[in-house]
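A, B, ... follow the sequence lines: proteins, then strands. Residue 1 opens every chain.
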2 protein chains.
Amino acid sequence: MLDDLDRNLLEILVRDARTSLKELAAQVGLSSPSVSERLRRLEERGVIRAFTVEIDPLALGYTLQAIVRIRPLPGKLHIVQKLIEEIAEFGECDKVTGDDCFVARLFVRSIGDLDGILDRIADKAETSTAIIKAQPIRRRPPPLGARSAPSS
Amino acid sequence: MLDDLDRNLLEILVRDARTSLKELAAQVGLSSPSVSERLRRLEERGVIRAFTVEIDPLALGYTLQAIVRIRPLPGKLHIVQKLIEEIAEFGECDKVTGDDCFVARLFVRSIGDLDGILDRIADKAETSTAIIKAQPIRRRPPPLGARSAPSS
DNA sequence: CTGAAATGCTTGACGATCTCGACCGAAATC
DNA sequence: GATTTCGGTCGAGATCGTCAAGCATTTCAG
């Protein structure tokens with residue numbers, strides 16, 4: 001479904017999404033229209049979800065990040081989920097197996113803000129919060145290397 | 001440090017990093033060279049960390065994601081951190097306060113792969129794994145809205 | 001108060017880039 | 001073995017980005 005050329009293109013684009021078609025074409029050994037067509041299809045198929053820009057939260061004043069585990073009280077699951085989605089400071093949220101129903105990432109500008117946000121959930125769920133001290137690995141895509149055999 | 005124009009530009013670029021200078025200029029009411037200059041400085045200052053492309057892990061065969069909490073055994077912290085960094089399937093890792101030292105995101109193609117990777121850490125750390133069932137909020141930047149007052 | 005320097009913007013022209021249509025060749029289909 | 005389809009190249013026209021020059025506003029020194 002994805003050939004080496006596609007993977008190659010993705011790899012280059014992950015590093016710099018502004019690489020010109022011409023440059024891409026040169027690096028994978030194709031003409032620019034071909035590259036353009038491949039990109040179009042990668043987008044169409046949803047392989048490329050978006051061209052975006054990564055912003056440093058610090059530059060926006062968000063000096064604190066936390067991982068919050070959230071266990072909604074009985075019957076409150078949907079209300080809690082909706083609440084999380086509405087709070088813009090949640091920068092990521094996964095619904096997981098196990099006792100903790102949600103694991104979320106929170107961007108805040110101060111401990112006070114953190115407290116304020118958690119308060120809004122406190123009466124609907126139990127939370128455990130871990131402050132992020134460092135980021136050994138910042139968001140990166142999974143390995144683009146060769147696909148394993150599908151169902152064959 | 002960031003004015004409304006900058007925030008506006010960032011907002012547009014987060015949605016689509018390929019927006020042309022001309023289009024950006026039109027939307028914020030400036031000329032393209034001005035926009036170009038602003039972007040240059042946003043990058044220079046590190047506000048824009050990168051132009052990148054968001055890839056669907058599923059398209060690469062990674063059908064499973066997990067959140068893994070990792071508690072290194074005494075004295076093994078650095079070895080564990082290094083190990084995590086080297087395993088490409090870890091798509092994110094934060095060092096946090098509390099009992100769990102690291103919280104990491106793992107992309108795998110099968111439960112078997114998950115087991116294989118956790119095995120590599122098993123003799124150096126305790127781990128708790130939660131399989132991701134759904135993603136109510138996918139990675140998004142913190143609110144770009146007005147900055148709070150700095151140290152004034 | 002005056003003048004100079006710095007900042008941030010606009011304009012217009014040039015060069016590079018992207019896009020579109022026409023055409024071609026290999027591989028799969030019937 | 002002919003035909004269709006898919007993915008590729010080439011070249012022209014349109015679009016876009018970049019650069020230099022110039023202008024207005026603000027800031028600061030004299």
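- Checking each of R105(B), K133(B), R138(B) against D94(A) for a side-chain hydrogen bond (donor to acceptor under 3.5 Å, both in side chains) leaves exactly one that passes, namely R105(B).
- With respect to R7(A) and E11(A), no salt bridge is recorded, no charged nitrogen being found less than 4.0 Å from a carboxylate O.
- We find that CG of D3(B) is positioned 11 Å from C1' of dG8(C), with the value rounded to whole Å.
- Atom CG of L30(B) and atom C1' of dA24(D) are 15 Å apart (whole Å).
- One interatomic measurement links the two molecules: CD of E23(B) to C1' of dT15(D), which rounds to 13 Å at whole-angstrom precision.
- Proximity of E92(A) to R139(A): side-chain heavy atoms (C-beta onward) are separated by under 4.5 Å at one or more points.
- Remark: P of dC9(C) and CG of L21(B) are 14 Å apart, rounded to the nearest angstrom.
- Comparing P33(A) and K22(A) by the nucleotide of DNA chain C that holds the closest heavy atom to each, the one mapping nearer the 5' end is K22(A).
- Between the CZ atom of R18(B) and the P atom of dC16(D) there is a distance of 14 Å, rounded to whole Å.
- A close approach under 4.0 Å does not occur between any side-chain nitrogen or oxygen of S31(B) and OP1 or OP2 of dT11(C).
- For the pair D6(A) CG and dG8(D) P, the computed distance is 9 Å after rounding to whole Å.
- Within 4.0 Å (heavy atoms only), R40(B) reaches no atom of the nucleic acid at all.
- Distance, L24(B) CG to dC16(D) P: 12 Å, rounded to whole Å.
- In the set dC9(C), dC18(C), dG8(C), the nucleotide with an atom closest to the side chain of S20(A) is dC18(C).
- When side chains are defined from C-beta on, R69(A) does not count as touching E126(A), because their heavy atoms never get closer than 4.5 Å.
- A salt bridge is absent between E43(B) and R38(B); no separation between the charged side-chain nitrogens and carboxylate oxygens falls under 4.0 Å.
- At whole-Å resolution of the value, CD in E37(A) and P in dC24(C) are 20 Å apart.
- Nucleic acid contact class of R41(B) (heavy atoms, under 4.0 Å, all strands): sugar-phosphate only.
- Listed nucleotides: dT10(C), dG8(D), dT19(C). Nearest to the side chain of S32(A): dT19(C).
- In this model, the phosphate group of dG8(C) is not approached by any side-chain N or O of R38(B) to a distance below 4.0 Å at OP1 or OP2.
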